[in-house]
Peer 1: 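Just passing along the structure, written as structure tokens.
Model, not experiment: these values are computed from the prediction.
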Amino acid sequence: MAGEEITIKVQRFDPTADRVPYWQPYKVVTKPGMTVLDALFEIMNHQDGTLAFRFCCRAGVCGSCAMVIAGKIRLACETQIAQFVRKKELLLSPLPHQKVVKDLAVDYEHFFERIKQVKPYLMGKEPYPEREYIQTPKERVPINDPIDCVLCGSCTSSCSVAWWNTDYLGPAALLKAYRFYADTRDTAKDERLDLIESESGVYRCHTIFNCVEVCPKDLNPTEAIQKMKIGATKRKLFGGRKRRKA
Amino acid sequence: MSSQSIATTKVAGTWAWFFQRLSAVLLIVFLAIHLYASHFMDLGEHESGEALISFDDVTVRLDQLFYIVVDYGMLSMVLVHGLNGLRTVMFDFDMFVKRKKYVDVGLWVVGIATLIWGIVILFPFITGG
Amino acid sequence: MKIRDLKWFFGRNSEFWPTNIKTGMWAWIGHRITGLVLVVYVFMHLSFLSTASISSGDFNALMEVTSNPLFVAMDFVLIIAVIFHAMNGFRVIMFDLGLGVRHQKLVFWIAMAIAAILVIGGLWALWDVIFVPSEGGG
């Protein structure tokens with residue numbers, strides 16, 4: 001496999017110059033263990049300096065390099081080329097249904113705007129502890145998964161509801177909301193439910209599971225959404241808001 | 001789309017969602033009775049012996065209050081489920097999201113008008129023509 | 001981006017179908033389509049009945065028309081739509097109760113297996129009307 005010349009077709013689009021996106025082929029000689037991001041560097045450094053893409057950590061931690069690789073959203077830095085080359089060809093395109101800044105880089109403005117909607121920070125209660133909040137390993141179990149989210153935008157850009165309904169918070173923001181909703185140190189459960197209990201929040205999710213299919217960290221945003229949906233519905237149907245006093 | 005509008009558009013999503021599920025379950029029950037009553041049940045007075053439902057058959061069936069309740073209940077549940085589903089589909093595909101209120105009012109009007117229409121349709125059967 | 005060429009819709013790696021469509025997405029597409037079909041059907045059902053409920057002659061004439069094998073074949077399509085919608089609806093309600101979210105694919109295939117059995121049952125019930133030629137217009 002290694003040492004072979006393959007064609008990488010990149011979907012390019014410059015909103016200031018092009019009317020429609022077009023595919024541009026690049027020839028790349030593979031090396032053992034070459035990732036898609038390595039290949040993109042190879043192209044940018046030696047063949048075409050105008051190619052634009054996002055990257056940062058190269059280790060699957062920052063979540064900058066999510067893109068559609070061979071028909072599925074993956075992180076470029078974590079994807080081996082050899083695994084997905086078919087007929088010596090590999091297709092790369094930006095995250096679907098997002099505003100393209102240039103080539104493979106998409107606009108994350110709206111994505112982070114929706115993350116901010118759910119107040120992605122710990123809300124404690126006075127009196128605050130003098131040092132850190134104490135949490136036992138058992139209490140941490142519910143958030144073991146959701147804290148792994150790297151905010152790469154794969155789930156929200158694969159969600160077929162979020163494609164069209166731009167008000168929908170999307171799986172990433174709702175998973176973030178769940179991460180604090182399930183956290184034993186967070187005390188503002190009611191406020192968190194208020195934030196996501198709307199037609200733009202949990203009730204817009206129709207359990208399509210696209211987010212679960214694409215998540216590069218194998219998280220389950222749908223399960224998180226369903227748990228908050230149950231919580232919000234129970235509160236609405238059977239009360240329970242009276243717990244909130246302070 | 002601005003950061004304020006999402007948090008402030010608090011439409012009663014819970015009830016739309018909840019009644020969609022409730023009506024779904026009720027519909028399955030009603031549909032089972034409806035199908036059984038109109039296609040399999042022996043109505044006893046088949047003078048011609050043929051398989052088709054006749055006007056009189058329906059009249060016989062609708063003499064009983066139970067079947068009137070089933071038919072009208074089914075109609076109202078179908079309208080709740082269908083129109084609410086339509087609303088979800090429209091908003092999912094970003095149609096008229098900015099005019100949510102008008103959509104809601106419009107669907108209520110359509111629903112109630114159809115319900116009245118449907119109630120009137122069955123009158124000849126109930127009164128016996 | 002707007003729909004500017006067919007590639008947007010049909011092209012390999014197109015923007016419209018960017019991810020591999022898996023079970024959950026198929027279920028959703030099917031649920032949408034059958035749901036819309038059923039809404040249209042309900043209004044057709046009501047309007048047919050409203051033209052027929054005036055007198056017993058009208059009603060019996062309508063029954064004659066709809067017992068045509070073509071109409072019954074369309075009924076079979078309707079049965080498929082109803083059963084798919086109902087079984088997938090059960091699946092969605094299960095997820096809403098928090099059951100089986102982690103095993104969504106298994107749940108989907110179980111629901112589809114039950115749906116297939118019910119569809120076969122429906123076909124069995126309609127078989128005579130569609131395929132056995134009726135004698136004497138009965």
Peer 1: Using side-chain heavy atoms (C-beta onward) and a distance below 4.5 Å, is C:Arg32 in contact with B:Thr88?
Peer 2: yes

Peer 1: Atom CG of B:Leu35 and atom CD1 of C:Ile79: how far apart are they, to the nearest 0.5 Å?
Peer 2: 7.0 Å

Peer 1: So how far is it from B:Phe18 CZ to C:Asp96 CG, rounded to the nearest 0.5 Å?
Peer 2: 11.5 Å

Peer 1: Hey, mind stepping through C:Ile93 and B:Gln20 against side-chain contact (heavy atoms from CB on, under 4.5 Å) and telling me if it holds?
Peer 2: CA-CA 10 Å; C:Ile93 289 176; B:Gln20 189 74 353; over 6 Å; no

Peer 1: Working note: B:Leu86 + C:Leu36, criterion side-chain contact (heavy atoms from CB on, under 4.5 Å); need CA distance, chi angles, decisive distance, verdict.
Peer 2: CA-CA 7 Å; B:Leu86 213 57; C:Leu36 292 173; 3.6 Å; yes

Peer 1: At a 4.5 Å cut-off on heavy atoms, which part of C:Leu46 comes close to chain B: side chain, backbone, both, or neither?
Peer 2: both

Peer 1: Is it the backbone or the side chain of B:Leu27 that comes under 4.5 Å from a heavy atom of chain C, or both, or neither?
Peer 2: neither

Peer 1: Looking only at non-hydrogen atoms, find the nearest pair between B:Phe93 and C:Trp28 and report the distance.
Peer 2: CZ-CH2, 4.0 Å

Peer 1: B:Val78 versus chain C, heavy atoms under 4.5 Å apart: side chain, backbone, both or neither?
Peer 2: side chain

Peer 1: For the pair B:His81 and C:His85, name the ring-plane relationship: parallel under 30°, tilted 30 to 60°, perpendicular over 60°.
Peer 2: perpendicular

